[in-house]
Each structure stands twice: as structure tokens, then as C-alpha cells.
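Notes for the one structure printed next.
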Amino acid sequence: MTASEAQGRSSQEKGTPTRIPRLGGGSLRATGKVLPEHARGHNRALVLQTLFHDGAMSRADVSRSTGLTRVTISDLVGELINDGFVEEKGVREAVGPGKPAMLIDLARDAHQIIGLDLSGPTPLAGAVISLDGQIVERREIPAPAQGDGATALAAVIGLARELVAAATAPVLGVGVGTPGIVDQAGVVRSAPNYGWTDLALQQILETELGLPVVVLNDANAAVLAEHTFGHATADTLLVKVGLGVGSGLLAGGEPLRGSHFAAGEIGHVTVGTDGGPQCACGKIGCLEAWLAAPSLRRRMAESDDPESVLRDAGERLGIALAPIVGALDLSEIVLSGPTDLLDGPLSDEAASTLRNRTMALFHDNVVLRMTEQGSDIVLRGTAVMVLSSRLGVS
């Protein structure tokens with residue numbers, strides 16, 4: 001199936017939803033009723049959100065769960081069934097007198113999502129993903145040479161086209177998690193490892209694929225996966241270690257982007273006053289230069305005591321995290337990246353340093369843990385990006 005064919009299948013469906021701009025600063029998910037002039041789109045998202053997380057239930061159950069009237073639910077569900085986003089699953093087993101209720105659920109196999117993970121450092125990854133965040137088909141291509149922006153862009157476009165062709169259902173949208181600073185329009189303001197500056201990646205891919213595209217920093221994508229499919233608390237910092245180092249922030253359950261779209265950009269914060277390795281950004285001693293997977297593996301290979309390299313990197317991570325935890329009163333730090341590097345001496349030293357550098361009364365119980373989402377965390381996060389943008393679901 002070509003990109004144009006996939007778009008044709010999707011656009012021909014009655015009522016295909018317009019994009020809901022949630023990831024740039026509004027709520028990530030619908031949580032209650034709103035004013036009449038905004039109600040329909042919001043309440044549609046509220047119904048889908050309820051079914052997404054709670055599974056099959058009757059229309060009466062949805063009414064009770066959302067607080068919307070049964071008449072409103074009947075109208076919205078009928079519309080969503082016609083649009084192909086909700087389906088009837090059969091009647092509930094009777095437990096008493098009266099007519100058994102018809103169960104409805106999100107039409108979880110009716111659409112698919114294309115996700116791209118450009119965070120590296122290993123091959124660029126992409127997948128066809130179900131609405132539940134399950135990987136239907138995965139593809140990888142070799143990572144381009146660092147700094148070769150044109151080759152990197154061509155590789156991303158080629159991988160995206162290949163995945164769209166592999167989709168077996170209409171494509172709801174394309175999500176991309178990339179290193180660097182990404183603005184609300186999907187422009188990569190700066191990604192030194194790829195040599196990208198002010199690259200309109202979202203617009204380029206939408207033109208090439210004929211599909212809706214959402215682009216976020218890879219760590220921001222990862223924290224969305226942890227929020228939707230994992231066990232993240234409402235106040236969480238996720239540190240993503242790969243080709244570079246970045247972090248995604250949730251405060252009160254909402255993602256933080258920052259006034260310059262650089263919230264969580266901790267990779268280029270200098271840690272320590274003892275110099276250190278040179279970073280791709282040109283500075284000396286950035287956290288990324290100490291902690292990024294390629295740099296860390298290289299220093300371990302050159303050292304007579306590889307564990308000391310891990311402990312040193314962990315201490316520097318703790319130094320960088322302490323003021324963030326202190327300022328935002330976070331309850332949880334999640335690490336995502338190669339487990340052989342992060343899980344053990346590095347994370348132990350980071351936790352110890354973090355506790356030594358924050359107020360014990362409030363922060364002794366801060367949890368620092370590895371993600372349970374595995375290596376597909378960014379890909380699953382790209383699915384959340386599309387779900388939130390297109391359906392208001394997360």
C-alpha cells in the first residue's frame with residue numbers, strides 16, 4: 001500500500017477527525033465536560049479516552065463514567081461507530097431481568113499508526129503500531145553518519161515510506177521521536193548529532209507521505225509512553241539515554257515543553273568544573289558527553305576499571321538531576337536506555353548523589369528506576385503522540 005493509497009483509505013472514511021492540538025501546551029487528555037461551544041469535540045475525545053483505558057462497556061457504563069447524559073452518549077457513540085473508531089462487541093452476559101446491554105469498545109484494529117524512533121545510537125527504528133501501542137511490524141535501517149543532515153533526512157523519509165506501505169489498515173497518522181529541540185510546528189530547531197538546524201521535519205514528511213505527522217523530541221515521546229502504557233506518577237522526569245541525552249517532564253500529569261520548547265534539555269548542561277569530553281554541541285563537559293551511550297562505551301573500553309566510568313557518569317547525572325528535583329518536587333525519575341549501561345552502578349550512584357544533594361525531609365523517597373517499556377519506549381510514545389493529536393486519547 002502506497003502513501004497516497006493509505007491517505008485515500010483514511011480520508012474517504014466519514015468523519016475522519018481533524019487534529020486536536022494537545023501536545024503543544026494544552027491538556028494531554030480529556031478529563032471532564034466543557035462549555036457547550038467546545039463540547040462536541042471534547043466529549044468525543046472523552047468517550048474514546050474512557051474506552052481506550054477501561055475497555056468494552058455498555059453505553060450506560062460510558063454515561064456513568066463520563067458524566068455525560070445517555071442521550072449525548074447515544075449520539076456520540078453512533079457517530080463514532082459510523083466513523084470507524086468504535087465498534088459493538090456483542091451483548092453482555094445477562095445477570096438479571098431485562099434486556100442484556102450491548103457492549104461497545106474502541107475499534108482497536110480499524111486503524112494503525114506509523115512510528116519512527118530516531119534516537120539511536122543503534123539503527124534508526126520504525127514500526128507499524130496498533131492503537132493499543134503494540135508493535136505490528138518493525139523495521140530498522142543503519143544510522144547515518146553523525147552530522148550528515150541530508151543523508152539522515154533521506155533515510156527517515158525512506159523508512160517512513162516503507163512502513164506506510166507495510167500498514168494493513170488505514171493509517172491514523174505518523175509520529176516521530178527525534179533527538180534535539182523541536183517546536184510546536186514540528187520544526188527541529190537544533191539536532192547537532194544529525195546536523196539539523198531549523199529543519200521543518202513535520203511539514204516535509206506530511207508532503208512526502210500525504211498523512212498527518214507529529215514530531216516531538218524523543219525523550220518527550222518516551223515520557224508519554226511511560227504515562228500511557230507504564231506506571232508513571234503525575235510528577236515524573238524521564239531521562240532518555242541513547243545517541244544523546246535528554247529528558248521528558250510531566251508535572252501534574254501534563255507534559256512540559258517550555259517557552260523555547262527546550263524543557264528537559266539537560267544533555268547540554270555542564271556538570272562539574274573539571275573539564276571532560278567534548279560534546280557534539282562544541283562545549284566541554286556536557287552531561288551528554290559523559291552519559292551518551294557511544295561516549296560511555298568508548299570510555300569504558302579505554303578504562304582499566306569500566307565500573308568506575310559508570311559510577312562517575314552516574315554521579316554526574318545525579319548532579320544534573322538534583323536541582324530539577326528540588327525545584328519541581330518530583331516524585332519519580334525514570335531511566336530509559338541500554339540496561340547494561342544504566343541499570344546497576346550508574347543508577348545506584350545517581351540515586352545516591354541525588355539524595356545527598358536534595359533536602360532529605362522531602363526527597364529521600366524519590367524513586368529512581370528503569371523503565372519497563374524496554375527499547376520500544378519511543379516508538380510506543382509516538383503512538384501516544386498520534387492518538388492525542390488526532391483523537392484526544394492518551
Side-chain angles (χ1 to χ4, degrees), residues 1 3-31 34 38-53 76-77 79-87 105-116 126-134 136 160 163-164 167-177 182 184-186 201-203 205-216 220-221 224-225 227-229 254-255 257 378-394:
M1 181 173 61
S4 60
E5 288 170 342
Q7 174 63 4
R9 288 174 64 179
S10 182
S11 63
Q12 287 168 7
E13 295 178 333
K14 180 182 176 182
T16 297
T18 56
R19 182 171 303 168
I20 301 172
R22 295 182 179 277
L23 292 176
S27 292
L28 181 62
R29 58 172 59 160
T31 55
V34 292
H38 307 301
R40 190 161 195 84
H42 179 93
N43 290 339
R44 248 178 86 106
L46 187 57
V47 170
L48 291 170
Q49 174 77 12
T50 301
L51 295 172
F52 179 78
H53 283 286
L76 288 172
V77 169
E79 179 183 287
L80 289 166
I81 289 175
N82 288 337
D83 292 347
F85 294 107
V86 169
E87 61 185 359
D105 195 6
L106 191 71
R108 299 174 191 271
D109 298 322
H111 293 80
Q112 292 176 332
I113 294 166
I114 303 303
L116 298 175
V128 179
I129 309 170
S130 73
L131 298 191
D132 286 328
Q134 300 304 311
V136 176
L163 289 163
V164 171
T168 56
V171 175
L172 185 63
V174 179
V176 183
V182 183
Q184 193 169 1
L201 185 58
Q202 178 175 306
Q203 180 181 343
L205 287 176
E206 286 185 335
T207 300
E208 292 287 340
L209 303 175
L211 290 164
V213 176
V214 187
V215 180
L216 282 184
N220 288 334
L224 294 181
H227 172 261
T228 298
F229 302 116
E254 299 294 343
R257 298 290 297 279
V378 173
L379 288 175
R380 301 190 80 198
T382 64
V384 180
M385 290 157 49
V386 173
L387 285 167
S388 181
S389 176
R390 298 282 285 152
L391 301 181
V393 169
S394 69

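Throughout, residue positions are numbered sequentially from 1 according to the sequence presented. This structure is a prediction, so every number in the text was calculated from the model and none was measured.
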Report, one line per pair, each donor and acceptor closer than 3.5 Å where one atom sits in a side chain of residues 380-387; sequence neighbours left out.
from	atom 1	to	atom 2	distance (Å)
R380	NE	G133	O	2.9
R380	NH1	Q373	OE1	2.6
T382	OG1	L379	O	2.5

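Going from atom CG of L201 over to atom CG of L216 covers 11.0 Å, rounded to the nearest 0.5 Å. Here CG of L46 is found 10.0 Å from CG of L51. Values are rounded to the nearest 0.5 Å. Put simply, CZ on F52 and CG on L391 are 9.5 Å apart, with the number rounded to the nearest 0.5 Å. Taking CZ of F229 as the reference point, atom CD of Q134 lies at 7.5 Å (rounded to 0.5 Å). The distance from the CG atom of L116 to the CG atom of L205 is 7.0 Å, given to the nearest 0.5 Å. Atoms CD and OG1, from Q202 and T207 in turn, are 10.5 Å apart once rounded to the nearest 0.5 Å.
Taking both residues in full, the closest heavy atoms of A110 and P170 are given as O-CD, 3.4 Å, listed atom of the first, atom of the second, then distance. Here the closest non-hydrogen pair linking A107 and G84 is CB-O, 3.6 Å. Taking both residues in full, the closest heavy atoms of D132 and R108 are given as OD1-NH1, 2.6 Å, listed atom of the first, atom of the second, then distance.
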For V86 and L48, what are the C-alpha separation, side-chain angles and deciding distance, and is it a side-chain contact (heavy atoms from CB on, under 4.5 Å)? CA-CA 8 Å; V86 169; L48 291 170; 3.9 Å; yes

The test is side-chain contact (heavy atoms from CB on, under 4.5 Å); show your working for R44 and D83 and say whether it passes. CA-CA 12 Å; R44 248 178 86 106; D83 292 347; 2.8 Å; yes

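Contact of the I81 side chain with the V77 side chain is registered, since non-hydrogen atoms from C-beta on lie closer than 4.5 Å. Counting heavy atoms from C-beta outward, R390 and H111 have side chains that stay 4.5 Å or more apart. Taking the side chain as every heavy atom from C-beta outward, F85 and L172 approach each other to under 4.5 Å.
In this structure, Q49 contributes its side chain and S394 its backbone to a donor-acceptor pair below 3.5 Å. Checking side-chain atoms of E206 against main-chain N and O of V213 turns up a donor-acceptor pair under 3.5 Å.
Tested against V128, the residues L163, T168, V171, I113 include a single side-chain contact (heavy atoms from CB on, under 4.5 Å) partner, L163.
Applying the salt bridge (Lys or Arg N to Asp or Glu O under 4.0 Å) rule to D109 yields no partners; only residues at least two apart in sequence or on another chain are considered.
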